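If you're wondering where the values come from, they're calculated on a predicted model, not measured in any experiment.
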Amino acid sequence: MDRLMDSARLARCARSLAVAVVAMVLAGCAPASATLEGDGVKRLYDLFLVVGALIFVLVAGLIGWSIVRYRAAPDAELPTQTAANLKLELIWWALPTILVVVLFILTAGVLNRVDARVADGESLVVRVTGFQWQWRFAYETGVAITGTPDEPPVMVLPVDRTVTFLFNSPDVQHAFYVPAFLFKRDVVPGIENRVDLTIQEPATYTGQCAEFCGLLHDQMVFSIRAVSGDEFDAWLADQEPAS
């Protein structure tokens, strides 16, 4: 009878644990990326989440099973104590080590793909300047868009075409962050950072500074309007070069 009750309790615990893990996985899944480069980041993030959930299930499940299966009655004698088990110790050292090495290799591959650069002349170049407390987006044609805290700028970009962002700051450190791109890059005074991104879907994406930079940091926002290549070319031709 006791064993039947133990089995029932264990089954209930397992069901509750499974529901909790499913809820955690669903809540932690990254959104779909709007950029080609962000797709790899999303897959890597989801892989880490699944691996973490499986490890949690394994560890929590074994702990719960041990508590239920091997709990002792008040007058029970202690079982035979074992000081060491070399085989088990090698296994639980080797498995995490292999897992960490595999995840490291996959992460390095994704980072290399995200940081890969196209050849000069094969992309649209936009110079992004972060300053207290707004953004300036300058195209190679001389067109420049500068925002204010009251009127955030809107950067127009083509889809399915690589865009080279060159980041710099004349004052303090900022961070260019677009959640839908699954991307953030620091904007550091004296250092020109770069990233090449390809937007996949026409839409308007919101962005912001993700590095506290002073009094009006919260108003340092912007938008990116991604349009078709023809629409972008028409828009760019209608803009007046900055003086």
Would you call the rings of F167 and F176 parallel, tilted or perpendicular, taking 30° and 60° as the class edges? tilted

[X] versus [Y], closest heavy-atom pair with distance:
{"X": "P153", "Y": "W135", "answer": "CG-O, 4.0 Å"}
{"X": "F222", "Y": "Y177", "answer": "CZ-O, 4.0 Å"}
{"X": "D160", "Y": "Q200", "answer": "OD1-O, 3.9 Å"}
{"X": "C213", "Y": "M220", "answer": "SG-SD, 3.7 Å"}
{"X": "G130", "Y": "S169", "answer": "O-OG, 3.2 Å"}
{"X": "T206", "Y": "P179", "answer": "O-CD, 3.4 Å"}

When V41 is tested against each of D46, T107, V110, T35 for side-chain contact (heavy atoms from CB on, under 4.5 Å), which residue passes? V110

State plainly whether the residues R117 and D115 are in salt-bridge range, i.e. N to O under 4.0 Å. no

Less than 4.0 angstrom from a charged side-chain N to a carboxylate O is my criterion; do E231 and R225 meet it? yes

Count the heavy atoms belonging to other residues, nucleotides or ligands that lie under 6.0 Å from [atom1] of [X], then report whether that count exceeds 12.
{"X": "Q239", "atom1": "CD", "answer": "yes"}
{"X": "R161", "atom1": "CZ", "answer": "yes"}
{"X": "D120", "atom1": "CG", "answer": "no"}

What is the distance from atom [atom1] of [X] to atom [atom2] of [Y], rounded to the nearest 0.5 Å?
{"X": "R136", "Y": "N168", "atom1": "CZ", "atom2": "CG", "value": "10.5 Å"}
{"X": "L236", "Y": "E140", "atom1": "CG", "atom2": "CD", "value": "10.0 Å"}
{"X": "L106", "Y": "L47", "atom1": "CG", "atom2": "CG", "value": "6.5 Å"}

Say whether, by atom type as modelled, one donor and one acceptor occur between the side chain of [X] and the main chain of [Y] under 3.5 angstrom.
{"X": "Q134", "Y": "V221", "result": "yes"}
{"X": "E37", "Y": "T198", "result": "yes"}
{"X": "H217", "Y": "E211", "result": "yes"}
{"X": "D186", "Y": "A175", "result": "no"}

Applying a strict under-4.5 Å side-chain criterion to I, L, V, M, F, W and Y, I'd like to know whether V178 and L36 cluster together. no

Quick one: does V163's side chain get under 4.5 Å of I199's, heavy atoms only? no

